[in-house]
Amino acid sequence: MPEFAPVVPVVVLAAALLHAVWNGLAHRIPDKLVGFALINLTYTACAVVLVLVNPLPAAASWPYLLASTVVQTVSTVLLLRAYQLGDFGQMYPIARGSAPLLVALISVAVLGQHLGPGELLGVVVISCGLIGLAFAKGIPGRAQLPALGAAAGTGVMIALYTVLDGSGVRHAGTVGGYLAWLFLLQGPTLVLVVWLRRGRSLLVGAGRVVPLGIAGGVLSLTAYGLVVWAQSRGDLATIAALRETSIVIAALIATAVFRERLGRLRLTASVTVLAGIVVLELAR
């Protein structure tokens with residue numbers, strides 16, 4: 001199993017903060033289609049510059065790049081739908097919280113990585129805490145199933161592209177080049193999907209939320225770039241678990257910005273996430 005450089009946990013936690021903030025911005029935009037289109041247009045603009053200043057990834061990484069582009073596009077569409085149908089404080093935890101355990105299982109079953117008992121315990125504890133945050137308001141009713149299905153589907157896609165990018169960047173020979181082409185491929189793909197659904201009506205009202213869309217895109221690019229850099233230097237399941245601390249930050253955002261009640265159960269679940277991180281760190 002790859003060793004962690006001392007700075008890797010700090011980088012992943014910074015990425016978690018940025019990820020929660022950009023998702024909060026995306027949820028705050030009234031027209032989610034417009035918001036996500038603007039975020040991905042920002043991806044494209046930044047990626048053009050990054051492609052020019054970074055080396056071309058090795059040929060062995062391109063299957064991972066193309067597969068990740070498809071998976072990340074599906075993930076974004078599902079997340080968009082979840083935000084249209086549900087509350088930020090519930091949808092974000094389900095989408096993010098279902099991923100770490102899946103990543104651990106995929107890493108072991110497909111990539112042949114080994115997790116020690118302590119590391120596996122840490123991943124499980126963090127996952128349990130995140131699930132507790134998701135269901136802090138009680139068992140969801142039937143009317144919430146479409147939103148929950150979209151959020152859970154997002155979690156599956158997150159697990160898939162985490163493994164794809166974690167493997168792809170190690171074949172690329174260049175972290176910057178891999179990220180540049182990933183963003184360049186992903187940005188226009190989602191914009192095309194959104195355009196096919198809305199056409200020119202997508203432009204209506206876009207001007208009022210351009211600053212939020214650009215800010216969300218920059219934060220998203222930075223957050224994912226930090227994570228992929230960390231994946232090139234550490235264990236995939238451990239990084240995936242650490243990055244899911246973004247859900248604790250998202251719970252605070254949901255309370256402070258969207259006026260959602262934190263509650264005792266949600267607070268307990270947040271403490272559980274932190275306990276899982278401690279177990280993970282001590283097990284290294």
Check your understanding: Got a sec, which residues hit side-chain hydrogen bond (donor to acceptor under 3.5 Å, both in side chains) with Tyr161, two or more places apart in sequence or on another chain?
Key -> none
Practice item. Check whether any side-chain heavy atom of Ile249 sits under 4.5 Å from a side-chain heavy atom of Thr245, and report yes or no. Key: no
Review point. Closest heavy-atom contact between Ala254 and Gly89?
Key: CB-CA, 3.8 Å
Review point. Can you list the residues that meet the side-chain contact (heavy atoms from CB on, under 4.5 Å) rule with Val248, with sequence neighbours excluded?
Key: Ser270, Val273
Point to revise | Residues which pass salt bridge (Lys or Arg N to Asp or Glu O under 4.0 Å) with Arg243, listed by chain and number, not counting sequence neighbours | key: none
Check your understanding: Which heavy atom of Gly86 sits nearest a heavy atom of Ala147, and at what distance?
Key -> N-CB, 4.2 Å
Check your understanding: Quick one: do Val21 and Leu13 end up in the same hydrophobic cluster if we chain Ile, Leu, Val, Met, Phe, Trp and Tyr together by side-chain heavy atoms under 4.5 Å apart?
Key -> no
Exercise for review: Output all residues satisfying side-chain contact (heavy atoms from CB on, under 4.5 Å) with Val271, sequence neighbours left out; order by chain, then residue number.
Suggested key: none
Review point. Do you know the tightest heavy-atom contact between Ala95 and Ile158?
Key: O-CD1, 3.5 Å
Review point. Should Asn23 and Tyr83 count as side-chain neighbours, where that means a heavy-atom distance under 4.5 Å?
Key: yes
Practice item. Look up atom NE2 in His171 and atom OG in Ser61, then write down how far apart they are to the nearest 0.5 Å. Key: 8.5 Å
Exercise for review: Could I get the full list of side-chain contact (heavy atoms from CB on, under 4.5 Å) partners for Leu164, not counting sequence neighbours?
Suggested key: Tyr64, Ala67, Ser68, Val71
Study note, to complete from the structure: Contacts of Ser98 meeting side-chain contact (heavy atoms from CB on, under 4.5 Å) (sequence neighbours excluded), chain-then-number -> none
Review point. According to a 4.5 Å side-chain heavy-atom criterion applied to Ile, Leu, Val, Met, Phe, Trp and Tyr, with indirect links allowed, do Trp229 and Val218 form part of one hydrophobic cluster?
Key: yes
Practice item. Check for a donor-acceptor pair, side chain of Gln72 on one end and backbone N or O of Thr69 on the other, with a separation under 3.5 Å. Key: no
Point to revise | Verdict with supporting geometry, Arg259 and Thr255, side-chain contact (heavy atoms from CB on, under 4.5 Å) | key: CA-CA 5 Å; Arg259 305 301 180 188; Thr255 301; over 6 Å; no
Check your understanding: Which heavy atom of Met91 sits nearest a heavy atom of Ala151, and at what distance?
Key -> O-CB, 3.8 Å
Point to revise | Same apolar cluster (I L V M F W Y, side chains within < 4.5 Å links), Leu252/Leu242 | key: no
Practice item. Find out whether Leu226 and Val12 are in side-chain contact, i.e. whether some heavy atom of one side chain is under 4.5 Å from a heavy atom of the other. Key: no
Review point. Are side-chain heavy atoms of Leu17 and Ser246 found at a separation under 4.5 Å?
Key: no
Point to revise | Contact list for residues 91-103, test salt bridge (charged side-chain N to carboxylate O under 4.0 Å, His left out), sequence neighbours left out | key: Arg96-Glu244
Study note, to complete from the structure: Smallest heavy-atom separation, Leu80 atom then Lys32 atom, equals CD1-O, 3.9 Å
When the side chains of residues 36-59 are checked against the rest of the protein, which donor-acceptor pairs come out under 3.5 Å, sequence neighbours left out?
unit_1 : atom_1 : unit_2 : atom_2 : d
Asn40  : ND2    : Phe36  : O      : 2.9
Thr42  : OG1    : Leu38  : O      : 2.9
Tyr43  : OH     : Ser220 : OG     : 2.4
Thr44  : OG1    : Asn40  : O      : 3.1
Asn54  : ND2    : Leu50  : O      : 2.8

Review point. When Thr154 is tested against each of Leu78, Val77, Val74 for side-chain contact (heavy atoms from CB on, under 4.5 Å), which residue passes?
Key: Leu78
Practice item. Check the hydrophobic clustering (I, L, V, M, F, W, Y; side-chain heavy atoms under 4.5 Å; chains of links allowed) and say if Trp62 and Val228 are grouped together. Key: yes
Review point. At what distance, to the nearest 0.5 angstrom, does CD1 of Ile29 lie from CG of Leu212?
Key: 5.0 Å
Under 3.5 Å, sequence neighbours excluded: what are the donor-acceptor pairs made by side chains of residues 178-189?
unit_1 : atom_1 : unit_2 : atom_2 : d
Tyr178 : OH     : Asp165 : OD1    : 2.7
Thr189 : OG1    : Leu185 : O      : 2.6

**Study point:** Leu33 side, atom CG; Gln84 side, atom CD - distance, nearest 0.5 Å
**Key:** 5.5 Å
Point to revise | Validation row: Leu148, Gln90 side chains within 4.5 angstrom (heavy atoms) | key: yes
Practice item. Any pair with a residue in residues 56-85 that passes salt bridge (charged side-chain N to carboxylate O under 4.0 Å, His left out), sequence neighbours left out, goes on the list, sorted by first then second residue, please. Key: none
Review point. So how far is it from Ile214 CD1 to Leu25 CG, rounded to the nearest 0.5 Å?
Key: 12.0 Å
Revision key, fill the gap. Members sharing Leu196's hydrophobic cluster, built from side-chain contacts under 4.5 Å between Ile, Leu, Val, Met, Phe, Trp and Tyr, are Leu192
Check your understanding: Linking I/L/V/M/F/W/Y whenever any side-chain heavy atoms sit under 4.5 Å apart, do Val210 and Leu219 land together?
Key -> yes
Point to revise | Pairs where residues 242-278 contributes a residue and the test ring-ring contact (aromatic ring centres under 6.0 Å, His included) is met, not counting sequence neighbours | key: His27-Phe258, Phe88-Phe258
